[in-house]
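Taking it in order: structure first as structure tokens, then the write-up.
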2 protein chains.
Amino acid sequence: MVKNTGRPGYLQIADDLREKIRGGSLAPGDPLPSTARLAEEYDASLSVVKLAVGVLRTEGLVIGQQGKGVFVRDAGEPASPDELTEIRATLRDLSERLARVESTLSERG
Amino acid sequence: MVKNTGRPGYLQIADDLREKIRGGSLAPGDPLPSTARLAEEYDASLSVVKLAVGVLRTEGLVIGQQGKGVFVRDAGEPASPDELTEIRATLRDLSERLARVESTLSERG
DNA sequence: CAAGCCAACTAGGTTAACTATGTTGCACAG
DNA sequence: CTGTGCAACATAGTTAACCTAGTTGGCTTG
């Protein structure tokens, strides 16, 4: 599932989960699959899955409850600050990927 | 430096650095000490320092540049809701276009 | 002197092992 | 039936090792 695009695996997984949350296929209150389960689904190591979940936790999209699972937060309040940091993260990523693509293209002249 | 307060070490370090950034003792453009240096200063393992920096990166407070260091970002201004939705639409578009280009490139090996 | 290589530093990504701790459900003893 | 304990599962945190890769400065060689 995780592709070799130069985009690190833990961010690809975070992106995908974020997409599912934004898209509603993972609704507020829903639990994410367990980290072990996610590792299987994405064919990734447990470590990168933990990193991915950590990103979403930092972004405030998700709350982990020890012993239970990781749950999608209510998207209500955290409007601007979190959104902004997420957007900035996305912008940073796009810039990096663009730079990579551009350099690849220039090499092929 | 990292105390046994129940608050995990990587968050204590992230808190402290965030404080220094918000307080201006680390100004925009300034480099953070290297991860090795931070590990010494906080008497923490390299791993927790990396996690701490990762948090700040995710929050967008800081930008890492491979080979150089980690630099404090320029503090962004709050944006209006309309701007946000427009920016999000633009980001979505950019992401799709980039994904197309990337897959084209990867197919051509 | 100039070019280029190389060593030392930088961040970043991945994996694995171990620990701690919380939750849940089931089996077994009373 | 009650409840107690235990096994299985969950997140969370810490550490360490290994690899990639960009930057910089100095030294060596031509």
Side-chain angles (χ1 to χ4, degrees), chain A residues 1-17 26 29-73 89 92-93 95-97 99-104 106-107, chain B residues 1-17 26 29-73:
Chain A
M1 180 86 199
V2 172
K3 299 165 190 165
N4 184 15
T5 60
R7 178 104 167 126
Y10 74 99
L11 289 184
Q12 289 184 46
I13 296 176
D15 289 345
D16 194 67
L17 293 174
L26 279 173
D30 283 356
L32 267 56
S34 76
T35 52
R37 187 85 184 75
L38 288 173
E40 287 178 6
E41 286 182 6
Y42 290 103
D43 191 30
S45 75
L46 209 53
S47 300
V48 310
V49 169
K50 281 164 123 187
L51 288 178
V53 172
V55 168
L56 298 181
R57 258 194 302 154
T58 299
E59 289 174 353
L61 283 179
V62 123
I63 289 186
Q65 285 182 247
Q66 234 177 347
K68 283 191 173 178
V70 178
F71 299 86
V72 177
R73 256 177 56 92
R92 216 174 320 125
D93 169 58
S95 299
E96 289 169 6
R97 285 162 64 193
R100 245 191 310 275
V101 169
E102 285 169 346
S103 75
T104 300
S106 73
E107 281 172 7
Chain B
M1 180 82 203
V2 171
K3 300 165 193 170
N4 185 15
T5 59
R7 182 115 170 114
Y10 74 98
L11 289 183
Q12 289 184 45
I13 297 176
D15 290 344
D16 194 67
L17 293 173
L26 278 173
D30 283 354
L32 267 53
S34 75
T35 53
R37 187 85 183 77
L38 288 174
E40 287 177 8
E41 287 183 7
Y42 290 102
D43 190 29
S45 76
L46 208 54
S47 299
V48 311
V49 169
K50 281 164 129 188
L51 287 178
V53 172
V55 168
L56 298 181
R57 256 194 303 155
T58 298
E59 290 175 351
L61 284 179
V62 124
I63 290 187
Q65 285 180 249
Q66 237 176 348
K68 282 193 173 177
V70 178
F71 300 86
V72 177
R73 258 181 52 91

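Lettering follows sequence order; numbering is per chain, from 1.
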ask   = Any sub-3.5 Å donor-acceptor pair from B:E59's side-chain atoms to A:T58's backbone N or O?
value = no
query = Counting N and O atoms only, with roles assigned by atom type, does the side chain of B:R73 sit under 3.5 Å from a partner on the main chain of B:V62, one being a donor and the other an acceptor?
reply = no
request  = Let me have a per-nucleotide readout for nucleotides 6-16 of chain D, 5' to 3', with B, S or -, counting only protein heavy atoms under 4.0 Å.
outcome  = ----BBBBSBB
message = What is the separation between atom CZ on B:F71 and atom C1' on D:dG22, rounded to the nearest whole Å?
response = 12 Å
ask   = Ignoring hydrogens and geometry, is there a side-chain-to-backbone donor-acceptor pair from B:Q65 to B:V70 under 3.5 Å?
value = no
request  = Applying side-chain contact (heavy atoms from CB on, under 4.5 Å), run through A:L38 and A:L17 and close with a yes or a no.
outcome  = CA-CA 10 Å; A:L38 288 173; A:L17 293 174; 4.3 Å; yes
query = If every non-hydrogen atom of A:G29 is compared with every non-hydrogen atom of A:F71, which pair is closest and at what distance?
reply = O-CD2, 3.4 Å
